[in-house]
Amino acid sequence: MKKIILVALLLAPVAIFAQKFGHFNSVDIIQALPEFTSAQTELKTLSDQYQKELQAMQDEYNRKVDNYTAQRDSLPQVVLERRQQEIQELGQRYQQTAQSYQAELGQFEEAKMQEIRDKVLGAVKQVGDAGGYVYIMDVSMGIPYISTTHSKDLTDEIKSKLGLK
């Protein structure tokens with residue numbers, strides 16, 4: 001019994017050192033993916049479209065304000081109040097539309113990035129399973145120190161798994 005315990009104690013450090021650790025840089029991988037470039041292009045296109053619509057609303061608002069200012073002295077009070085109301089409603093609609101567009105852009109970007117992160121995570125799991133790694137850490141998340149002698153950089157293997165060069 002003592003021999004079994006002694007052998008177990010002697011082999012325990014060997015078992016600990018036999019564990020494999022890896023690390024990767026998700027930012028490098030994500031930026032290399034064609035899906036990332038595509039998502040950025042789609043986001044830019046959508047953002048430009050929303051910006052044009054907001055600019056049209058802003059131009060309409062400015063025209064109404066200019067007309068109101070130019071005609072303020074010549075119009076009856078009832079008409080002036082109605083135009084003030086229209087200008088105020090247009091300003092509120094602009095604010096609501098701008099907020100809505102900002103939220104939609106955020107949701108669109110988050111959905112696209114989640115798809116990309118899921119794809120990278122799948123590749124990390126495949127590399128980890130195939131290589132028998134205990135831990136694989138993402139260095140882009142601000143890990144203060146990783147020993148390059150005890151942890152292998154798997155960024156290139158994960159890129160390869162994703163079909164990247």
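Just so it is clear, the values below take in all heavy atoms, side chains as well, and ignore hydrogens, waters and symmetry mates.
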* To do: Would you sort out whether Arg82 and Val78 count as a side chain to side chain contact (heavy atoms under 4.5 Å, CB included), showing the intermediate values?
  => CA-CA 6 Å; Arg82 191 181 77 232; Val78 173; 5.7 Å; no
**Item:** Evaluation steps, side-chain hydrogen bond (donor to acceptor under 3.5 Å, both in side chains), between Thr155 and Asp28
**Value:** CA-CA 8 Å; Thr155 302; Asp28 288 347; 5.7 Å; no
When you look at Val120 and Arg117, which way does the side chain to side chain contact (heavy atoms under 4.5 Å, CB included) test go after all the steps?
CA-CA 5 Å; Val120 171; Arg117 284 190 297 266; 5.7 Å; no
- request: Would you sort out whether Lys112 and Glu35 count as a salt bridge (Lys or Arg N to Asp or Glu O under 4.0 Å), showing the intermediate values?
  value: CA-CA 8 Å; Lys112 291 293 184 177; Glu35 292 92 336; over 6 Å; no
Test side chain to side chain contact (heavy atoms under 4.5 Å, CB included) on Met113 and Phe36; report intermediate values, then the result. CA-CA 8 Å; Met113 290 306 296; Phe36 177 75; 4.0 Å; yes
When you look at Glu86 and Lys64, which way does the side chain to side chain contact (heavy atoms under 4.5 Å, CB included) test go after all the steps?
-> CA-CA 8 Å; Glu86 287 175 4; Lys64 288 194 181 233; 3.7 Å; yes
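Between Tyr50 and Thr97, every side-chain heavy-atom pair lies at or beyond the 4.5 Å cut-off. Under the 4.5 Å side-chain criterion, counting only non-hydrogen atoms from C-beta, Leu164 is in contact with Pro34. Counting heavy atoms from C-beta on, the side chains of Gln58 and Tyr61 come closer than 4.5 Å. A 4.5 Å side-chain heavy-atom check between His23 and Leu154 finds every atom pair outside the cut-off. Val134 has its side chain out of reach of Lys20: every pair of non-hydrogen atoms, C-beta onward, lies at least 4.5 Å apart. A heavy-atom distance below 4.5 Å is not found between the side chains of Tyr94 and Glu60.
Between the side chain of Asn25 and the backbone N or O of Val139 there is no donor-acceptor pair closer than 3.5 Å. Judged by distance alone, with hydrogens and angles left aside, the side-chain atoms of Ser100 form no donor-acceptor pair with the main-chain N or O of Gln96 at under 3.5 Å. Ser47 contributes no side-chain N or O that, together with a main-chain N or O of Leu43, makes up a donor-acceptor pair within less than 3.5 Å. Using modelled atom types, one side-chain atom of Thr69 and one backbone atom of Val65 make a donor-acceptor pair closer than 3.5 Å.
Residues Leu162 and Leu121 fall into different hydrophobic clusters, defined by Ile, Leu, Val, Met, Phe, Trp and Tyr side chains chained together at heavy-atom separations under 4.5 Å. One hydrophobic cluster, built from ILVMFWY side chains closer than 4.5 Å, cannot hold both Ile146 and Val124; they sit in different ones.
Paired with Glu53 under the rule side chain to side chain contact (heavy atoms under 4.5 Å, CB included), one option of Met57, Gln51, Gln49, Gln55 passes, and it is Gln49.
A donor atom on one side chain and an acceptor atom on the other are found under 3.5 Å apart for Glu81 and Gln77. Checking Gln85 against Glu89 by side-chain atom types alone, a donor-acceptor pair falls below 3.5 Å. At a cut-off of 3.5 Å, with distance as the only test, no side-chain donor of Asn67 or Gln71 sits close to an acceptor on the other residue.
Going from atom CZ of Phe24 over to atom CD1 of Ile136 covers 7.5 Å, rounded to the nearest 0.5 Å. A distance of 8.5 Å separates CD1 of Ile116 from NZ of Lys119, quoted to the nearest 0.5 Å. Distance NZ/Lys152 to OG/Ser147: 15.0 Å, rounded to 0.5 Å. The distance from atom CD of Gln84 to atom OH of Tyr68, rounded to the nearest 0.5 Å, is 3.5 Å. The distance from the CG atom of Leu33 to the CD atom of Gln31 is 10.0 Å, given to the nearest 0.5 Å.
No salt bridge links Asp48 with Lys52; every basic N to acidic carboxylate O contact stays at or beyond 4.0 Å.
When every heavy atom of Ala123 is checked against every heavy atom of Ile158, the shortest pair comes out as CB-CG2, 3.9 Å.
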